[in-house]
> 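Right, I'll just put the structure down here and ask away after.
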Amino acid sequence: MGQNNNLSFENTEIAFKHSSNTDLKRAYWLFRVINVNFLVKIGPPITNFAIKIGLPIKGLIKATIFKHFCGGETIRECEKTIQSLHEGNVGTILDYSIEGEDDEQVFDNTRDEILRTIRRAAKDKSIPITVFKITGVGRFSLLEKLDAKTSLTDEEQAEWKKVQDRVFAICEKAFASGIPVMIDAEETWIQNTIDQLALDMMHQFNKEKAIVYNTYQLYRHDKLASLKADHKVAAKEGFILGAKLVRGAYMEKERKRAEEKGYPSPIQPDKQSADRDYDAALDYSTDHINQVAFVAGTHNEDSCRLLAELLDKKGIDHKNAHVYFSQLLGMSDNLSFNLANARYNVAKYVPYGPIKAVLPYLFRRAQENTAIAGQMSRELSLIVKEVKRRRLIK
Ligand SMILES: Cc1cc2nc3c(=O)[nH]c(=O)nc-3n(C[C@H](O)[C@H](O)[C@H](O)COP(=O)(O)OP(=O)(O)OC[C@H]3O[C@@H](n4cnc5c(N)ncnc54)[C@H](O)[C@@H]3O)c2cc1C
C-alpha cells in the first residue's frame with residue numbers, strides 16, 4: 001500500500017512531462033486567448049456562423065482548441081493521446097461526444113461507436129473504463145415524456161424499446177468484455193428515467209464485478225441520499241453499486257428552468273453545500289468500498305486530496321479497482337499526473353468525434369477556463385509556471 005505523504009499538486013514538471021515544448025507553447029497561447037472573457041463570449045456565435053456559411057475554419061479549430069481538449073475525430077486518431085497518457089500511468093476513457101442529435105440512424109451509429117470503444121478498451125490496459133450518454137442513443141424529448149410519466153403513443157413505445165435495446169447491447173458487451181461502462185448524468189427532467197435504466201442494468205450485470213456505473217450529481221440536494229438508498233438496494237439484492245461522483249454540469253440551466261416553471265430548484269443553495277455533499281459521498285463510498293465501486297470525476301483539488309487521504313486512512317490500496325480519480329483531457333494535469341505518480345488509479349476523459357459535433361463541448365471548456373474577476377484561470381497559471389520553468393518565456 002502506498003502513502004500519499006509526498007502528494008503535491010504543484011509539481012508542474014510531473015504534470016506536463018508528456019507535453020512537448022511545442023504542445024506547451026500552443027496551450028499557453030490558447031489559454032491566454034480563452035482567458036479573455038470577451039473573446040469567449042463572441043467565439044461561439046462567430047464560429048457557428050463561419051461554419052454555417054462554409055468558411056474553411058475547421059483546420060484552424062482542429063489545430064488549436066480541438067487538439068488541446070480532444071483526442072481526434074476517430075478512435076484511430078486518439079491512439080497517440082492514449083499512448084501518451086498511458087506512459088504517465090494515466091488511463092483513457094474514450095468519450096464519443098455527439099450531442100443533441102434526434103435521428104434513429106444517428107442513435108444506432110452512436111451505439112455502434114460505443115461498442116467500438118469497448119472493443120478497443122478490451123485490447124489492452126490503457127483504457128480501463130468506457131462511457132456513454134443516454135441522449136446519445138435516444139431522443140431527449142422522449143426521455144422527458146417518460147420522466148414526466150406522460151403516456152406514450154404506440155409509436156413512442158416502440159421507440160423507447162429501441163433505446164432500451166441499445167443501452168442493453170452496450171452494457172452486455174461491456175459485461176462480456178469485462179470492461180466497466182459509465183452512464184453520464186444529464187438534466188434533472190430526464191434523469192429519473194436514466195437512473196432507473198442504469199439501476200436495471202446494474203442489477204443484471206454487476207453481480208460479480210462492477211460493470212455498469214451510474215452518475216450522481218452532488219450539486220443536487222437529493223443525490224447524497226440517492227447514493228445511499230441505491231447502495232442499500234444493491235446490498236440487499238446482491239450486486240455492486242457502480243457510481244461516478246460529480247458535482248454537476250447544468251447548474252444555470254437547472255435554476256433557470258425551475259424559476260421559469262415555478263418549482264423548487266433541485267440544486268443546492270450554494271457551492272459550500274455542493275462541496276459538503278460531494279466530500280460526504282467520497283467518505284460514504286470509501287466506507288463501503290467492497291460494495292460501492294466509484295469514479296471521482298472532479299477537478300477540485302481539495303476533494304482529490306481528501307479522497308487520497310481517505311484511502312490511506314481507511315487502509316484501501318491505491319490500486320483497488322473500486323476507486324478511480326478522473327479528469328478531462330487538457331485540464332488539471334497537475335491532479336491527474338501527480339495522483340498517478342503516487343500510484344492512484346487515474347483515467348482521463350478523451351472526447352472525440354467530428355469537429356462540428358464536439359463544438360458545444362469545446363465552447364463549454366472555453367467558458368470554464370475564462371478569467372474570473374480579472375484573475376488568470378487556474379489552468380493558465382499552471383501552464384505559465386511550467387513554461388517559465390522550461391524557460392520558454394521570461
Ligand atoms: C471525469 C468527469 C466526468 C464528468 N461527468 C459528468 C456527468 O456525467 N454529468 C454532469 O453533469 N457533469 C459531469 N462532469 C462535470 C462536473 O459535474 C463539474 O461540472 C465539473 O467537474 C466542475 O466541478 P468540480 O468537481 O471539478 O469542481 P469545482 O470547480 O470545485 O466545482 C464547480 C462545480 O460546483 C458546483 N457549483 C458551483 N457553484 C455552485 C453554487 N453556487 N451552488 C451549488 N453548486 C455550485 C457546480 O456543479 C460546478 O460545476 C464531469 C466531470 C469530470 C471531470
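What's counted below: heavy atoms across the whole structure, side chains too, no hydrogens, waters or symmetry copies. Start at 1 and go down the list; that is how both ligands and their atoms are numbered. What you see is a predicted model; the values in this text were computed from it and never measured.
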> When you check the gap from the basic side-chain N to the acidic O, do Arg247 and Asp275 get nearer than 4.0 Å?
yes
> Can Arg255 be said to touch ligand 1, with heavy atoms closer than 4.0 Å?
yes
> Looking only at distances, please establish whether an N/O atom of ligand 1 is found under 3.5 Å from an N/O atom of Tyr250.
no
> Ring centroid separation for Phe168 and Phe205, is it under 6.0 angstrom?
yes
> Check this for me: does any side-chain nitrogen of one of Asp112 and Arg116 sit under 4.0 Å from a carboxylate oxygen of the other?
no
> Which class fits the ring pair Tyr352 and Tyr96: parallel under 30°, tilted 30 to 60°, perpendicular over 60°?
tilted
> For ligand 1, does Lys348 get within less than 4.0 Å through its side chain, its backbone, both, or neither, judged by non-hydrogen atoms?
neither
> Does atom 29 (O) of ligand 1 have any protein heavy atom closer than 4.0 Å?
no
> Any salt bridge linking Arg364 with Glu368? Criterion: basic side-chain nitrogen under 4.0 Å from a carboxylate oxygen.
no
> Is the shortest N/O to N/O distance between Gln327 and ligand 1 below 3.5 Å?
no
> Determine, considering heavy atoms only, which of Asp270, Leu328, Leu245 sits nearest to atom 52 (C) of ligand 1.
Leu328
> Any N or O on Ile267 sitting closer than 3.5 Å to an N or O of ligand 1?
no
> To the nearest 0.1 Å, how far is atom 15 (C) of ligand 1 from its closest protein heavy atom, and which atom is that?
Ala249 CB, 4.1 Å
> Considering only protein heavy atoms, which is closest to atom 19 (O) of ligand 1, and at what distance to one decimal place?
Gly248 O, 3.0 Å
> Is it the side chain (CB and beyond), the backbone, both or neither of Ala274 that lies under 4.0 Å from ligand 1, heavy atoms counted?
side chain
> Test of understanding: given a 4.0 Å heavy-atom threshold, classify the contact between His221 and ligand 1 as side chain, backbone, both, or neither.
neither
> Strictly inside 4.0 angstrom of atom 22 (C) of ligand 1, do you find any protein heavy atom?
no
> Do Asp108 and Lys162 sit within salt-bridge range, that is, some charged N less than 4.0 Å from a carboxylate O?
no
> Backbone or side chain, does any N or O of Asp184 fall under 3.5 Å from an N or O of ligand 1?
yes
> Between ligand 1 and Lys244, is the shortest N or O to N or O distance under 3.5 Å?
yes
> I'd like to know if Lys223 pairs up with Asp195 as an ion pair, taking the criterion as any Lys NZ or Arg NE/NH1/NH2 lying under 4.0 Å from an Asp or Glu carboxylate oxygen.
yes
> For ligand 1, is any non-hydrogen atom under 4.0 Å from His299's backbone (N, CA, C, O), its side chain (CB onward), both, or neither?
both
> Salt bridge check, Arg166 against Glu159: does any charged N sit closer than 4.0 Å to a carboxylate O?
no
> Hey, what's the ring geometry for Phe239 with His203, parallel, tilted or perpendicular (30° and 60° as the breaks)?
tilted
> Kindly identify the option in Cys304, Ser336, Ser332, Gly297 whose heavy atom sits closest to atom 2 (C) of ligand 1.
Gly297
> With a heavy-atom distance limit of 4.0 Å, tell me whether Thr215 approaches ligand 1 through its side chain, its backbone, both, or neither.
side chain
> Under 3.5 Å between some N or O of ligand 1 and some N or O of Ser326?
no
> Mark whether atom 45 (C) of ligand 1 lies under 4.0 angstrom from at least one protein heavy atom.
yes
> Given Arg247, Arg378, Glu252, which one has a non-hydrogen atom that is nearest to atom 34 (O) of ligand 1?
Arg247
> Using a strict cut-off of less than 4.0 Å between a Lys/Arg side-chain nitrogen and an Asp/Glu carboxylate oxygen, indicate whether Glu87 and Lys17 qualify as a salt bridge.
no
